[in-house]
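Below: the structure, in structure tokens.
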Amino acid sequence: MAQINFGGVEENVVTREEFPLEKAREILKDETIAVIGYGVQGPGQSLNLRDNGFRVIVGQRKGSKSWDKAVADGWVPGETLFEIEEAAERGTIIQYLLSDAGQISVWPTIKKHLTPGKALYFSHGFGITYKERTGIIPPADVDVILIAPKGSGTSLRRMFLQGRGLNSSYAVFQDATGRAFERVIALGIGVGSGYLFETDFQREVYSDLTGERGTLMGAIQGIFAAQYDTLRAHGHTPSEAFNETIEELTQSLMPLVAENGMDWMYANCSTTAQRGALDWWKRFRDATKPVFEELYESVRSGNEAQISIDSNSKPDYRAKLNEELREMRESEMWQAGAVVRKLRPENN
């Protein structure tokens with residue numbers, strides 16, 4: 001583990017160079033990793049672990065769409081694919097990758113199979129941080145650890161297949177065996193992390209919920225909609241409004257930011273664009289900062305967690321979610337986007 005300076009702040013970071021895959025395999029050579037859930041993170045993490053040479057099994061409800069997806073991905077019923085309870089019993093490391101609502105529902109089943117010396121692994125700090133609301137309180141004689149990839153399971157898998165890695169945070173909540181640190185780092189390398197940076201369960205969930213509601217999803221959709229609607233109201237066509245709002249950002253500018261940073265991207269745009277961006281970015285910061293402060297406080301207080309628990313536990317949650325997504329999908333902005341994507345050269 002190395003200390004890296006991030007803008008004047010020292011952080012603990014583990015890279016694949018100092019903790020190679022061979023070392024991770026050696027540490028976990030006697031472990032059976034049971035991946036519980038095959039939804040958002042389960043496929044990417046389990047497939048990467050399998051391809052990296054670890055002993056992995058998957059636990060999922062038989063007859064579900066996720067069970068069928070696991071079979072299609074090469075998991076074999078009765079050999080590497082089991083019902084949730086049997087997988088939890090077989091696993092020495094239980095990767096608890098169900099949705100937050102799913103974790104609450106299945107917890108009594110998982111808890112009875114957390115025998116001494118096992119490890120309970122999360123990719124989100126939600127269940128532990130809000131344990132008074134979730135009821136997820138692990139026994140004292142198991143390791144409780146976290147690897148949180150900074151992206152979807154789909155991105156984790158795609159980048160792995162490209163020979164790249166998606167950065168992840170890691171945390172140890174409970175070290176019952178004295179091996180929690182080496183276990184968590186080995187798992188982080190095994191799932192395909194680019195590098196690992198230290199956090200704790202509370203900081204992970206606070207930053208994650210803020211990010212999802214903020215610049216990663218909520219705020220970015222809101223800003224897209226505001227600019228698109230403004231351009232359309234002033235007579236610009238859907239194609240022009242979409243290209244200037246989203247297509248140029250995602251296809252041209254953000255890859256440059258990812259490669260070299262925002263300052264480099266500014267320096268390599270037209271002088272007119274540079275001047276305008278430099279004049280306006282602080283106004284957008286000042287306008288949105290109060291909203292982010294309100295959002296963070298809602299996360300810290302547990303209000304966002306309770307809203308999620310209440311909403312996601314309702315039997316009609318999926319139907320309501322699909323309706324909300326349909327509204328977004330059928331908006332003019334994203335209908336224009338569907339046409340623009342089809343017109344990209346790689347699709348013709």
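Heavy-atom basis, side chains included; hydrogens, waters and symmetry copies ignored.
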Task: Main-chain N/O of Phe201 paired with Thr129 side-chain donor or acceptor, under 3.5 Å - done: yes

Open item on the list: When you group the ILVMFWY residues by side-chain heavy-atom contacts below 4.5 Å and let the links chain together, are Tyr170 and Ile33 in the same group?
Closed with: yes

Open item on the list: Working to the nearest 0.5 angstrom, can you tell me the gap between Ile136 CD1 and Ile110 CD1?
Closed with: 10.0 Å

Task: Single hit among Arg61, Lys65, Gln60 for side chain to side chain contact (heavy atoms under 4.5 Å, CB included) with Tyr38 - done: Gln60

- [ ] Say whether, by atom type as modelled, one donor and one acceptor occur between the side chain of Arg232 and the main chain of His236 under 3.5 angstrom.
- [x] yes

Task: Residues that Trp334 engages under ring-ring contact (aromatic ring centres under 6.0 Å, His included), provided they are two or more places apart - done: Phe242

Open item on the list: Less than 4.0 angstrom from a charged side-chain N to a carboxylate O is my criterion; do Glu31 and Arg179 meet it?
Closed with: yes

Open item on the list: Would you say that Leu187 contacts Gln95 through its side chain, given a criterion of any heavy-atom pair below 4.5 Å between the two side chains?
Closed with: yes

Open item on the list: Working to the nearest 0.5 angstrom, can you tell me the gap between Glu86 CD and Leu81 CG?
Closed with: 10.0 Å

Task: Path from Met333 to Leu325 over hydrophobic side-chain contacts below 4.5 Å - done: no

Task: Nearest heavy atoms of Thr250 and Pro255, plus distance in Å - done: O-CD, 3.5 Å

Open item on the list: Minimum heavy-atom separation for Pro149 and Gln41, please, with both atom names.
Closed with: CG-OE1, 3.7 Å

TODO: Check whether any side-chain heavy atom of Ile93 lies under 4.5 Å from a side-chain heavy atom of Leu28, and answer yes or no.
DONE: yes

- [ ] Check Val184 against Val172 and note the closest heavy-atom contact, atom names and distance.
- [x] CG1-CG2, 4.1 Å

Task: Joint hydrophobic cluster, Met265 plus Leu278, side-chain heavy atoms closer than 4.5 Å - done: yes

Task: salt bridge (charged side-chain N to carboxylate O under 4.0 Å, His left out) partners for Arg329, two or more places apart - done: none

Open item on the list: What I want to check is whether the side chains of Asp100 and Tyr130 have a donor and an acceptor closer together than 3.5 Å.
Closed with: no

Open item on the list: If I take atom CD1 from residue Ile137 and atom CH2 from residue Trp107, how far apart are they, to the nearest 0.5 angstrom?
Closed with: 9.0 Å

Task: Side chain Asn347, main chain Leu343, donor-acceptor under 3.5 Å - done: no

Open item on the list: Under 3.5 Å, is there a donor on one side chain and an acceptor on the other for Ser168 and Ser193?
Closed with: yes

- [ ] Report yes if some heavy atom in the side chain of Cys269 is under 4.5 Å from a heavy atom in the side chain of Leu253; otherwise report no.
- [x] yes

Open item on the list: If hydrophobic clusters are built by linking Ile, Leu, Val, Met, Phe, Trp and Tyr wherever their side-chain heavy atoms come under 4.5 Å apart, do Val291 and Leu295 end up in the same one?
Closed with: no

- [ ] Look at the side chain of Asn12 and the backbone N and O of Gln3, then say whether any donor-acceptor pair between them is shorter than 3.5 Å.
- [x] no

- [ ] Taking all non-hydrogen atoms of both residues into account, name the closest pair between Ser46 and Val35 and its distance.
- [x] CB-CG2, 3.8 Å

Open item on the list: Is the shortest side-chain heavy-atom distance between Glu212 and Asp208 below 4.5 Å?
Closed with: yes

TODO: Given side-chain contact (heavy atoms from CB on, under 4.5 Å), test Val106 with Tyr96 step by step and report yes or no.
DONE: CA-CA 10 Å; Val106 177; Tyr96 206 25; 3.6 Å; yes

Open item on the list: Distance check, rounded to the nearest 0.5 Å: Gln306 atom CD versus Thr134 atom OG1?
Closed with: 10.0 Å

Task: Expected output: side-chain Thr15 to main-chain Tyr195 donor-acceptor under 3.5 Å - done: no

- [ ] Report the C-alpha separation of Asn268 and Leu256 in whole Å, then their side-chain angles, then the decisive distance to 0.1 Å, and conclude whether the side-chain contact (heavy atoms from CB on, under 4.5 Å) test is met.
- [x] CA-CA 9 Å; Asn268 286 274; Leu256 298 180; 5.7 Å; no

Name every donor-acceptor pair, under 3.5 Å, that has one atom in a side chain of residues 19-27 and the other anywhere in the protein, sequence neighbours excluded.
residue, atom, partner, partner atom, Å
Arg25, NE, Asn52, O, 2.5
Arg25, NH2, Asn52, O, 3.2
Glu26, OE2, Lys29, NZ, 2.9

Open item on the list: If you count heavy atoms of other groups shown closer than 6.0 angstrom to CZ of Arg344, is the number above 12?
Closed with: yes

Considering only distance and modelled atom types, tabulate donor-acceptor pairs under 3.5 Å from the side chains of residues 213-220, sequence neighbours left out.
residue, atom, partner, partner atom, Å
Arg213, NE, Glu304, OE1, 2.7
Arg213, NH1, Leu209, O, 3.3
Arg213, NH2, Ser308, OG, 3.3

TODO: Evaluate the side-chain proximity of Trp75 to Arg50: yes if any heavy-atom separation is below 4.5 Å, no if none is.
DONE: yes

Open item on the list: I want to check something: taking the side chain as every heavy atom from C-beta on, are Arg157 and Pro43 in contact at a cut-off of under 4.5 Å?
Closed with: no

TODO: Verify, without hydrogens or angle tests, whether Asp316 (side chain) and Ala319 (backbone) share a donor-acceptor contact under 3.5 angstrom.
DONE: no

Open item on the list: Does atom CD (Glu330) have a neighbourhood of more than 12 heavy atoms from anything else shown, all under 6.0 Å?
Closed with: yes

Contacts under 3.5 angstrom, residues 282-290 side chains, donor-acceptor by atom type, not counting sequence neighbours:
residue, atom, partner, partner atom, Å
Thr288, OG1, Phe284, O, 2.9
Thr288, OG1, Arg285, O, 3.4
Lys289, NZ, Glu293, OE2, 2.6

Task: Rounded distance [0.5 Å steps], OG in Ser301 versus OH in Tyr296 - done: 11.5 Å

TODO: Would you kindly confirm whether Phe224 and Met254 end up in one hydrophobic cluster when ILVMFWY residues are joined by side chain heavy atoms under 4.5 Å apart?
DONE: yes

Open item on the list: Any heavy-atom pair between the side chains of Leu47 and Val56 that's under 4.5 Å?
Closed with: no

- [ ] Give a yes or no on this: more than 12 heavy atoms of other residues, nucleotides or ligands lie within 6.0 Å of atom CD of Glu294.
- [x] no

TODO: Apply side-chain contact (heavy atoms from CB on, under 4.5 Å) to Lys150 and Phe197, showing your working.
DONE: CA-CA 11 Å; Lys150 297 299 105 180; Phe197 61 95; 4.1 Å; yes

Open item on the list: Can you confirm whether more than 12 heavy atoms, excluding those of Arg158, are under 6.0 Å from its CZ atom?
Closed with: no

Enumerate, atom names and distances included, each donor-acceptor pair closer than 3.5 Å involving a side-chain atom of residues 112-126, sequence neighbours excluded.
residue, atom, partner, partner atom, Å
Lys112, NZ, Glu85, OE2, 3.0
His113, NE2, Glu85, OE2, 3.0
Lys118, NZ, Ala88, O, 2.9
Lys118, NZ, Glu89, O, 3.2
Lys118, NZ, Gly91, O, 2.8
Lys118, NZ, His113, O, 3.0
Tyr121, OH, Gln45, OE1, 2.6
Ser123, OG, Gln45, NE2, 2.9
Ser123, OG, Ile147, O, 2.7
His124, ND1, Glu204, OE1, 3.2

Task: Expected output: side-chain Ser331 to main-chain Met328 donor-acceptor under 3.5 Å - done: yes

- [ ] Look up atom CD1 in Ile307 and atom OG in Ser298, then write down how far apart they are to the nearest 0.5 Å.
- [x] 5.5 Å

Open item on the list: Quick check against the 3.5 Å criterion: does Asp143 have a side-chain atom that pairs as donor or acceptor with the backbone of Thr177?
Closed with: yes

Open item on the list: Ile36 and side chain to side chain contact (heavy atoms under 4.5 Å, CB included): which single residue from Thr109, Val58, Ile57, Leu98 fits?
Closed with: Leu98

- [ ] Could you tell me whether the side chain of Glu11 and the main chain of Glu198 form a donor-acceptor pair under 3.5 Å?
- [x] no

Open item on the list: If I compare all heavy atoms of Glu332 with all of Tyr228, which pair ends up nearest, and what's the gap?
Closed with: OE2-OH, 2.6 Å

